[in-house]
Amino acid sequence: MNKFLAMLKDSYKEAVDGWIFTVMLVLSGVVSLFVLSISYRPISVEQAIPKMLPEMRNIGNPQPFQMVSPDRGASPKLLVYQYSAKVDEVAAKPRGGDIWKDEVSFRLKIESSGGGGIEVGADKQPKKIDFNAFFRDSFTEAVRIWAVPAGAEKPAFTDELAIEFLKHQLVGATRLDVTDVRKIGEREYRVTANGASSPLAWPHKPSLFFGTVPLSIFEMPLGDQIHLVENTFVNGIGAWFVLMAGVIVTAGFVPNMLRKGAIDLLLTKPLARSTILLYKYIGGLIFVFVLALAAYGGIWIAIGLRTGVWAPGLLYCVLGVTFYFAILYACSTLVGVLTRNALVGIVVTVLFWFVVWIIGTVHNTLTVLDNLEVQGAPPRAAKKADAKKTEKPKNEADEDEVPDGPPKPPRTLVKVFEVLNAVTPRTKDLDTLTSNLISRELLSEGEQRREGLKLRSIDWGEVLGVAGAYIAVFLGLALLRFVTRSY
Amino acid sequence: MPVDQSVIATDGLCKTYGSVEALKGVSLSVNRGEIFGLLGQNGAGKSTLIKILLGIVRKSDGGAMLLGETAGRSDIRKRVGYLPEDHQFPQYHTGASLLHFYGQLYGMSRAERNRKIPEVLETVGIRKRMDYKLRTYSKGMKQRLGIAQAIFHNPDVIFLDEPTDGVDPVGRKELRELFEKLRDEGKTVFVNSHLLGEVELMCDRVAILQRGELAQIGTVAELTKQEGRYVIGLADGEELPLDELERRGLKTTKVGDRWEVLVPGEADIDTIVRLLAERGLKLRHLVAKKQSLEDVFVEMVDQADPGVDNRKKKTREVGA
Ligand SMILES: Nc1ncnc2c1ncn2[C@@H]1O[C@H](COP(=O)(O)OP(=O)(O)OP(=O)(O)O)[C@@H](O)[C@H]1O
Ligand SMILES: [Mg+2]
């Protein structure tokens, strides 16, 4: 244990000796200060309520209010319907406390045109367009689909059902503490709520540099704003910086240790060779862990101080990024032992990282394209490629309206990438995991369902298993070489 | 450990690097409480021998024992100190922090380290610089630190690969005294060196490696002793009766105003002394001539192959 600490301290000394560590620390300090300078002010009730029910501009980017799960939300199926919600006559009864706790009432008008429902995912199929039935009224259809228990017949549309449905959808999409929904006209409802259940749900207006630069375009629920900073900037771009700095700094660890005249000194200490290399490896991991903790932790504290939100999701991501790095560093260690050259280590590791990333990205895109299917009209490519495939009985009435499906990617390509993705560390899936850790605490239930779409097809045991196997194989080969070699 | 047991023993030790045969069956043993010097030209295999004993290099064949154990085992390393040639200490350490690091690896307690480190740095004369980063050290200072790290954990055997490389003359003398002190404490010191004068002064026994083979081994006195070579000097103006000596089968050469005579046996020098007395010559100078280690070494090497100890590459065996 003492020897381990000594090796760690040595690795630490080596890491902080270079300028990269300092630069990274300064950088995270600057970014943390920047985040600390952002102030968030809750906007007025009149402005806030419409913002909580944004219009759905694009069916590919569904809004939670229009996303429906059958069986009163219990089914894993998710469908998107094209109706829109218009909010007006917003009135607030201030209670003297925070705005978001004020009692509110507003008029909700549902406008529904005809149009398809899109099934965006169930089980292992991330996206599947269901144009099977074209509805004259998608709102009616949404209510009926929502109410249907698994395997049962769709019930008839009633006003009571519509009210229950709206209550459920409003709570899921806005996190308003809805107390009453009353029908006041044709597709017109009066909604009253006891404020929002959390300030995260309430749209806030951010401004930079302690209120000097207001950013009106980002008037979104606070949770969404924090999510944007944490998920996109910290866990996306920030993680990239941390990993890159980690790869560059630690690539020198093993080659430096193996220099002639340096390795002799270490090999004559009472430590097994395997122990020396493993300690070096763990030293690198701890270095990146500390770096990530400093970067993420600084921003997390800044956000907490400014918003009062101390959601620990971002802190868990420190472990996620460290695990990601563990894969890269195992590669770098192997190359270091084989070539004793830091530069080669960096180049090969970055290449490996890039290849794994490309495979993951292409695989994800192909899977989405492959599952995108217009029922009743087999995809063009599939028609040609697979003539024998038994087709489902067509819906005669809808046939004219059903467009051709988008072109399918070639089967072989899909298969190749399925295999490639299965046998490489699925770093894309790790990204998804960390994203989910962040969104879990910040987004509404509806938004989470949308974010969680990608998650459903991921088998975590498999992902961690494959990544772990890569680490084991890389380190195993490195150890084999290191333990048997003459220096 | 019994006193008579050898601390280091190799038996037919071989090492090949690819096609280079660095060691070709070296057998030697070093006893406890000895300063042992290993000499040889560049590339003779000296460092390779030490590295095999320490487990840094894997042997190809033969046996190597250190402190009664098979060389290379990690459990005896606590009892061994080592100064490598061309050592590269991590530049981000200070002298003191490096020794603290190594001390921790040796399992020394903090108290022990705090006591020993300033003490040993004082001994090698760099205590004042112990809190400076190593990148600010001069070559000789690094070398002194290297010696400090080889001895500070109180090892039983100390391997020093060219220990006085870069150290100034005064420092060398101090280090020599240090090694002798360690020997007197019962430690075994194994030195690789090219500084023959130094080796001659401090080593109890010496071995010479040549092309990976043991060419000579013995005490310094044994190696430098020369059978029956004497230097004779007479009073001014007197000449040695060369013809008479030649008749008796003795070879003489004039060196300056003295003569070197090679006599076959111990006793024969007395006949020369008697002869000189008979002739009425006045003997002023008579010494048995001793070679310096350097003479022995250079002579041996000149016979072999001057220059670097370069071997022809092993011819690849067919089918191997
Ligand atoms: N790692 C290595 N790979 C290949 N050949 C090596 C290696 N190390 C040493 N050799 C070769 O083995 C032979 C012995 O080298 P070694 O370093 O033991 O010599 P040395 O006696 O210590 O020489 P010097 O006095 O120059 O230090 C040399 O021919 C050298 O070229
Ligand atoms: Mg050498």
Side-chain angles (χ1 to χ4, degrees), chain A residues 1-22 249-250 252-280 282-284 287 337 340-342 479-487, chain B residues 15-18 22 47-48 50-60 66 72-94 97-98 100-110 113 133-135 142 145-146 149-150 153 155 157-159 161:
Chain A
M1 194 60 204
N2 262 331
K3 292 177 186 177
F4 177 59
L5 290 180
M7 289 289 287
L8 268 191
K9 202 168 157 198
D10 179 60
S11 292
Y12 166 78
K13 281 204 162 105
E14 178 167 13
V16 301
D17 190 51
W19 53 271
I20 295 178
F21 186 76
T22 320
V249 171
T250 59
F253 277 16
V254 171
N256 278 345
M257 182 179 84
L258 296 182
R259 266 181 316 164
K260 201 166 164 13
I263 186 64
D264 310 53
L265 289 159
L266 219 47
L267 290 184
T268 47
K269 301 295 176 281
L271 261 86
R273 285 194 183 191
S274 47
T275 314
I276 295 177
L277 194 66
L278 284 180
Y279 283 2
K280 262 285 170 216
I282 297 171
F287 164 70
V337 168
R340 296 192 246 176
N341 185 320
L479 281 173
L480 203 67
R481 178 74 176 146
F482 181 63
V483 167
T484 54
R485 214 199 127 95
S486 290
Y487 284 97
Chain B
K15 173 67 194 176
T16 41
Y17 288 108
S47 300
T48 303
I50 288 193
K51 287 182 182 182
I52 289 176
L53 285 167
L54 289 165
I56 300 166
V57 165
R58 309 271 173 211
K59 63 180 189 240
S60 306
L66 181 59
R73 290 188 42 174
S74 65
D75 41 355
I76 49 162
R77 291 191 198 142
K78 228 181 218 176
R79 297 169 54 199
V80 178
Y82 172 46
L83 168 72
E85 60 182 347
D86 310 326
H87 43 74
Q88 303 262 351
F89 296 115
Q91 301 274 304
Y92 45 85
H93 273 291
T94 64
S97 78
L98 184 80
H100 273 287
F101 172 40
Y102 289 165
Q104 273 173 291
L105 294 185
Y106 281 123
M108 291 164 72
S109 71
R110 177 180 293 273
R113 282 182 273 131
K133 282 264 162 75
L134 295 188
R135 56 170 65 92
K142 283 185 204 152
L145 178 68
Q149 63 83 33
H153 56 297
V157 193
I158 302 152
F159 289 94
D161 206 340

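Numbered from 1 within each chain, the chains take letters A, B, ... in sequence-line order.
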Heavy-atom proximity to chain B below 4.5 Å, by part of A:Arg273: side chain

Any donor-acceptor pair under 3.5 Å from B:Arg77 side chain to B:Tyr106 backbone: no

Chain A contacts, top residue of B:Pro84, B:Gly81, B:Gly103, B:Gly55 (heavy-atom pairs, under 4.5 Å): B:Pro84

Expected output: side-chain A:Lys3 to main-chain B:Gly107 donor-acceptor under 3.5 Å: no

Contact winner vs chain A - B:Phe89, B:Tyr17, B:Tyr102, heavy-atom pairs under 4.5 Å: B:Tyr102

Region of B:Gln149 in contact with chain A, defined by heavy-atom distances below 4.5 Å: side chain

Pairs of heavy atoms under 4.5 Å with chain B: top-ranked of A:Met7, A:Glu14, A:Lys9, A:Arg259: A:Glu14

Quiz item: cation-pi between A:Arg485 and A:Phe482, 6.0 Å / 45°: no

Under-4.0 Å salt bridge between A:Lys260 and B:Asp86: no

Side-chain donor or acceptor of A:Lys280 paired with backbone N/O of A:Leu8 under 3.5 Å: no

Max heavy-atom pair count under 4.5 Å with chain A, selected residue of B:His93, B:His100, B:Lys78: B:His93

Toward chain B, the part of A:Ile263 with a non-hydrogen atom under 4.5 Å: neither

Ring center gap for A:Tyr279 and A:Phe4 short of 6.0 angstrom: yes

Greatest number of heavy atom pairs closer than 4.5 Å to chain A - which of B:Asp161, B:Asp75, B:Ile56: B:Ile56

Top contributor to chain B interface from A:Asn2, A:Leu271, A:Asn256, A:Thr484 [non-hydrogen pairs under 4.5 Å]: A:Leu271

Heavy-atom donor-acceptor pair, B:Ser74 side chain to A:Ala272 backbone, under 3.5 Å: no

A:Met257, part contacting chain B, at a heavy-atom distance under 4.5 Å: neither

Portion of A:Lys269 that has a non-hydrogen atom of chain B nearer than 4.5 angstrom: both

Any donor-acceptor N/O pair, A:Thr250 side chain to A:Phe253 backbone, under 3.5 Å: no

Proximity breakdown for B:Arg135 and chain A, heavy-atom pairs closer than 4.5 Å: side chain

